[in-house]
Amino acid sequence: MLPHKFIEQRLQQAVTAVLPDADVTAVLVRPCPDPKFGDYQTNALMSLAKARKLNPRQLASDVVAKLDVADACAPVEIAGAGFLNFRLKPAALAQTLQGAARGEHLFSEPAAHPRTVVVDFSSPNVAKSMHVGHIRSTILGDCLARTLRLLGHRVITDNHLGDWGTQFGMLLVAWKRELDAAALKADPITEMERLYKKVSAECKANPATLEAARQELVRLQAGDEENLRIWHEMIALSRVQFDTIYQRLGVKFDHTLGESFYHPRLQPLVQELCTKGIARESEGALAVFFEAIPPLKEHPALIQKSDGAFNYTTTDLATLMHRLETWRPDEIVYVTDARQQLHFQQLFAVFRRWHPEAKTKLAHVWFGSILGEDGKPFKTRSGDTVKLSDLLDEAEERAYKVVSEKNPEQPEPVGREIARIVGIAAVKYADLLPNRQSDYVFSWDKLLALNGNTAPYLQYAYARIRSIFRKANVGQDVSPVPTCELSDALKLDAREELALARHLLNFGLVLEAVADDYRPNYLCNYLYELAGHFTSFYENCPVLKSAPELRTSRLVLCDLTARVMKQGLDVLGIETLEQM
RNA sequence: GCGCCCGUAGCUCAGUUGGAUAGAGCAUCUGCCUUCUAAGCAGAGGGUCCUGGGUUCGAGUCCCAGCGGGCGCGCCA
């Protein structure tokens, strides 16, 4: 068991011994903010004492009297207003590191109670190009899925494609009237976007075109053969584009069930909501009202439009039901931008009223916008949305410039491959580093900066470690992370060694925090600190030139750092490089 | 009008159940490459955490009011 878990368990037992009816789930152990206090601390006793009007220092000393952590810690210290400070015994620290070096763990433990979690993210629209608006959902969602998987949960990723709706009526009109077959063949998305742009302008100007679009949509929904064929073709062409992007990003989905998949379920669903008295007629449409929920009182959810068509609340309800029936998840996570908060509040509220018995946790994980350097929504110079493929191309191109400047003698193909990995990593990292709820300003210079909290910096730290192993002649180059020989005792004496070692132990804690709060930026910051601790160690503690025993000990530390860095970056969806 | 979010160093941003002396990068300044990749390290300066109240042992974090900004608010998704 990892030390902090051990301490936490013993601490909770001690608290229970002193206060048998206390809820100990919030009695947690955290790393100390300053190493001078120790390795771990708890401040839970102070809030516990406050809630019960006890003297916090007295409670702390009562708990300490019942607390036995001597296996792992030096005597526990009561500090300040009632903190408990824990200091790991050197043997406990070394033992944990050695367990990791033997491959028994990598500073995290599988969840005690694995859950089934559906993660819904990305969701691009058919016949349109993926653009910057999809990048955060895609990258965040993928990262959360990876984190949950690493922690031992059963994760199902589902890409809810926008493949149904009014836009297809318009597209069908334009497709039939003025499709440029050659252009379609050359660049399908651009042609479909051209068609859509043209016809949607026409619809605004000319009611007859709008009516024609409506009729095409009705025919499509009624199963008209030609319309279905065209629609299928649009989906197939779009998915080629999506798959290309996902491949570049290293993102995979277990399922891609578009909106159209749920179409047959919508009518019965609406029927049921009406029969159960949950939905009712309002201004010609069918709506669910939330009189009992103050924030939603003024915001009923429409589930059928006055023209009889369904909207996205209806589809999302059907999707939700399908997921419950198919996968029986404990939790469903929706990764979308902030503007959809009201929608998800409504969706969840309808569902709770419909199925009050359901225990499934529903989480809307929302994020802010990507802004240009002018502080306005990120656009190209000409004012168009930035295509994701262009963005990734530019990232790789800019990364190549940096790479070849740093390493001019590198053969071009090698440089290109490094640039690909660095460029994609930089874009992803820039997206994961800010608190997801804040808007962030997209800046190439910051993204690809070689110093500061960026992907290249982390990758560089990793590459430096790997370089040590090449020079050390331990392990083979084919194995990205060789296991090095272990001595029985790690020698952790230098300040830099201890700081690095202690930081390694916190990896699992951070992963859990990421999963609990859906915030990958915690992991970004952890890895940045890890890289910082490592480079300090690297500057001050020679590895290869040290005496044999110390050399081995330091190689172990290097190896563990590399493994955590690689695993951490992998969770962020970022590849590592053996050489930069 | 109502709701959600934001306001932290010159700039861009972190800030884990409220917790110990508010952090990082950039920019400015000072050192460090015959030594495992200097894409680096060590150090310095720089703060009314928007304002004003409140809660309490303790508030950047919670509550109330105000100011400034972004977004959303029935038939788009």
Side-chain angles (χ1 to χ4, degrees), chain A residues 25-28 30-34 36-37 41-44 46-47 49-50 56-57 79-83 85 123 125 162 165-167 259 282-287 294-307 309 311-313 315-316 336-343 345-346 366 368-369 371 375 402-403 405-407 422 433-435 437-441 443 445-446 449-454 456-457 459-461 463-472 509-510 512-513 516-517 519 521-522 524-525 528-529 532 535-536 538-540 542-545 554 558 579-580:
Chain A
T25 54
V27 177
L28 301 173
R30 301 212 171 286
C32 285
D34 186 326
K36 79 180 178 199
F37 297 126
Q41 65 164 242
T42 184
N43 53 42
M46 290 182 282
S47 35
K50 179 179 236 172
R57 291 214 39 130
F83 296 93
N85 289 333
S123 310
N125 295 314
T166 47
Q167 73 271 29
E259 293 169 345
S282 168
E283 298 172 34
L286 288 171
L296 293 179
K297 208 174 167 190
E298 308 287 320
H299 303 287
L302 293 194
I303 58 166
Q304 185 167 20
K305 304 195 281 187
S306 51
D307 67 358
N311 59 14
Y312 72 142
T313 302
T315 311
D316 278 358
T336 85
D337 69 89
R339 290 173 299 203
Q340 298 192 39
Q341 287 176 89
L342 180 57
H343 166 66
Q345 280 177 32
Q346 293 175 330
W366 56 267
S369 314
L371 308 176
V402 174
V403 165
E405 201 170 294
K406 279 285 166 195
N407 223 337
V422 170
L433 177 63
N435 179 328
Q437 292 180 325
S438 46
D439 297 344
Y440 79 90
V441 176
S443 153
D445 291 341
K446 224 161 264 181
L450 306 169
N451 42 18
N453 196 349
T454 63
Y457 175 81
Q459 291 171 315
Y460 178 63
R464 281 172 123 184
I465 303 175
R466 301 296 306 134
S467 171
I468 292 175
F469 282 91
R470 275 193 302 277
K471 290 254 159 66
L509 266 160
V510 171
E512 286 167 21
D516 288 347
D517 295 347
R519 290 190 191 280
N521 62 309
Y522 293 164
C524 295
N525 287 319
Y528 179 59
E529 285 161 12
T535 44
S536 297
Y538 182 92
E539 296 287 332
N540 293 290
V543 177
L544 299 176
K545 291 187 192 77
R554 287 182 173 170
C558 287
Q579 266 176 285
M580 285 177 81

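Every chain is numbered from 1, with letters handed out A, B, ... down the list of sequences.
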**Annotated protein contacts, base or backbone, on nucleotides 26-37 of chain B with a non-hydrogen cut-off under 4.0 Å, one of B, S, - each** = S--------SBB

**Prompt:** Is B:rC33 in the syn range, within 90° of 0, or in the anti range?
**Reply:** syn

**Item:** Validation row: A:K446, A:T454 side chains within 4.5 angstrom (heavy atoms)
**Value:** no

**Under the salt bridge (Lys or Arg N to Asp or Glu O under 4.0 Å) test, residues paired with A:D517 that sit two or more places apart** = none

**Request:** Taking side-chain hydrogen bond (donor to acceptor under 3.5 Å, both in side chains) as the test, write out the residues that go with A:N311, two or more places apart.
**Result:** A:T314

**Prompt:** How does protein reach along nucleotides 68-75 of chain B, written 5' to 3' as B (base within reach of a heavy atom under 4.0 Å), S (only sugar-phosphate), or - (no contact)?
**Reply:** --SSSSBB

**Prompt:** In terms of side-chain heavy atoms of A:F37, which of B:rA14, B:rC4, B:rA20 is nearest?
**Reply:** B:rA20

**Item:** For A:Y528, all residues meeting ring pair (Phe, Tyr, Trp, His ring centres under 6.0 Å), sequence neighbours excluded
**Value:** A:Y457

**Message:** Going by side-chain hydrogen bond (donor to acceptor under 3.5 Å, both in side chains), name the residues that satisfy it together with A:R519, two or more places apart in sequence or in a different chain.
**Reply:** A:N435, A:Q437

**Prompt:** Mind checking what makes side chain to side chain contact (heavy atoms under 4.5 Å, CB included) contact with A:Q346, not counting sequence neighbours?
**Reply:** A:F290, A:L296, A:H299, A:A301, A:L342

**Prompt:** Over how many whole Å does the gap from A:D316 atom CG to B:rA77 atom C1' extend?
**Reply:** 9 Å

**Prompt:** Who are the side chain to side chain contact (heavy atoms under 4.5 Å, CB included) partners of A:N125, not counting sequence neighbours?
**Reply:** A:K128

**Complete:** The residue, A:T166 or A:K446, whose nearest nucleotide of RNA chain B is more 5′ is A:K446

**Request:** For A:N407, enumerate each residue passing the side-chain hydrogen bond (donor to acceptor under 3.5 Å, both in side chains) test, keeping only those at least two apart in sequence or located in another chain.
**Result:** none

**Request:** Kindly write out the residues that satisfy ring pair (Phe, Tyr, Trp, His ring centres under 6.0 Å) with A:Y460, not counting sequence neighbours, or none if the list is empty.
**Result:** none

**Asked** A:N125 has an atom CG; how far is it from atom P of B:rC76, in whole Å?
**Response** 15 Å

**Non-neighbouring partners of A:N525 that pass side-chain hydrogen bond (donor to acceptor under 3.5 Å, both in side chains), sequence neighbours left out** = A:N453

Just the table, please: protein N/O against nucleotides 57-62 of chain B N/O, every pair under 3.5 Å.
unit_1 : atom_1 : unit_2 : atom_2 : d
B:rG58 : O6     : A:K50  : NZ     : 2.7

